[in-house]
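Read the structure below first, then the notes.
Letters go in sequence order (proteins before strands), and every chain restarts at 1.
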Amino acid sequence: MVDPAFGPFLFDTSAESWLARSQDPAVRRWFEKYLKLHALNISAITVLERTRGYALLLARVAGDRRAQIALARQAYLDGLGTVWPVDIAVALVAAELMALLPHAPTPPKRVHSMAESRQERLVRWRFDIFIAATALVAALPLIHNNPEDFEAIRTAIEIAPERFPDLGPLHLIRTLRLAG
Amino acid sequence: MNSLHAATPATTKRRTTLTLPSDSLAAAERIARARKVNLSTVIAEVIEEGLRSRRATERSGQVLKSYRQAFSRFTDAEMLLLDGVVMDERAD
């Protein structure tokens, strides 16, 4: 259990939606308590990933479903809390991380009827690097649902701290640990 | 009934008359004595804290409502796109 009072935290893209969709009463209580204490902090990259997802879904539907997705997209934008920009500091840290970790630590995903190409996996990996860099610059623990990528980044920072002066370590918290 | 100066953190102050539960008033008077401040200061702080908490609750309620609307009615496969877990859809 992670006390929401220890926040604020930076939320990775999938952690943000996991919290909003969870039906677990303990998770719902945790999220409600957190929001009473802090703004929901996310990276601008999360907004990019999310709105890109809405755009892809909108492009393939019509009629009522399209209106439903457009409303969901607007609700998402209405609920946004603190959005951290990709500024010069984040860019510098992300550049160091990309140089240290040019390749994604795991192969492209194949789930449901969806499969990603190597190129898409690399893009997703770099987005995760930007989000980790944002957490590092903002000095916020990162709540995530993606240990494969973020643990690799955390380890790289620990191994080469001289490349991240006055920053770090990267604190990671898995969503499953929040309320349980 | 007790008359008091209801101060706010803002520079402007207004005099008003409040009717308060005697237990609460007694507790506020004890705090004021212990801190060597006047009763209005304590009451103003309590009101400000209550208003802040109410604003936070209202805001958190709005955010929760927005977020639940933003992510409801999507299949697991659609959520993979919305989460950026899969960058594009493609048949196996």
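Heavy-atom contacts from other residues, nucleotides or ligands closer than 6.0 Å to CZ of B/R55 number more than 12. Within 6.0 Å of the CD atom in A/E148, the count of heavy atoms belonging to other residues, nucleotides or ligands exceeds 12. Remark: A/R65 CZ is packed, more than 12 non-hydrogen atoms of other residues, nucleotides or ligands lying under 6.0 Å away.
Using cut-offs of 30° and 60° for the angle between ring planes, the B/Y67 and A/F31 rings count as perpendicular.
Linking ILVMFWY residues whenever their side-chain heavy atoms come closer than 4.5 Å, directly or via other members, places B/L39 and B/I47 in the same cluster. Criterion: ILVMFWY side-chain heavy atoms under 4.5 Å apart, direct or through other members. Under it, A/V86 and A/I88 are not part of a common hydrophobic cluster. In the hydrophobic clustering of this structure, A/L37 does not group with A/L142; members are Ile, Leu, Val, Met, Phe, Trp, Tyr whose side-chain heavy atoms approach within less than 4.5 Å, directly or through other members. A continuous path of ILVMFWY side-chain contacts below 4.5 Å connects A/V27 to A/L176, so both sit in one hydrophobic cluster. If you chain together hydrophobic residues whose side chains sit under 4.5 Å apart, A/I159 and A/F150 never meet in one group.
Neither the backbone nor the side chain of B/Q62 comes within contact range of chain A; no heavy atoms are under 4.5 Å apart. Only the side chain of A/F127 has a heavy atom closer than 4.5 Å to any heavy atom of chain B. Interface remark: A/R121 contributes no atoms to any contact with chain B (heavy atom separation under 4.5 Å). Contact annotation for A/L77: neither backbone nor side-chain heavy atoms come within less than 4.5 Å of a heavy atom of chain B. Looking at B/R59, the atoms closer than 4.5 Å to chain A (heavy atoms on both sides) all sit in the side chain, from C-beta outward. Proximity to chain B involves both the backbone and the side chain of A/R50, based on heavy atoms less than 4.5 angstrom apart. Contacts between A/L40 and chain B at a heavy-atom distance below 4.5 Å involve the side chain alone, from C-beta outward. Residue contact with chain B, scored on non-hydrogen atoms closer than 4.5 Å, is absent for A/Q74.
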* Step by step, would you call B/E78 with A/R60 a side chain to side chain contact (heavy atoms under 4.5 Å, CB included)? -> CA-CA 11 Å; B/E78 288 173 332; A/R60 72 180 196 188; 3.4 Å; yes
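Looking at heavy atoms from C-beta onward, A/Y76 lies out of side-chain contact with B/Q69 at the 4.5 angstrom threshold. Contact of the B/F74 side chain with the A/L57 side chain is registered, since non-hydrogen atoms from C-beta on lie closer than 4.5 Å.
Ranked by non-hydrogen atom pairs under 4.5 Å with chain B, the options A/R52, A/E49, A/Q119 are led by A/R52. Contact tally against chain B (heavy-atom pairs below 4.5 Å) for A/A75, A/G81, A/P108, A/A15: the top residue is A/A75. Ranked by heavy-atom pairs under 4.5 Å with chain B, the list A/A55, A/A39, A/S14 is led by A/S14.
Contact record, A/R124 with B/V85: NE-O, 2.9 Å, taken as the closest heavy-atom pair. Between B/L82 and A/G53, the shortest heavy-atom contact is CD2-C, 3.5 Å. Between B/S60 and A/K36 the shortest heavy-atom distance is OG-CG, 3.5 Å.
At distances below 3.5 Å, not a single donor-acceptor pair connects side-chain atoms of B/R68 with backbone N or O atoms of A/R21. A/Y54 places a side-chain N or O within 3.5 Å of a backbone atom of B/A70 that can act as its donor or acceptor partner.
B/D83 and A/S17 share a donor-acceptor pair across their side chains, judged by distance under 3.5 Å alone.
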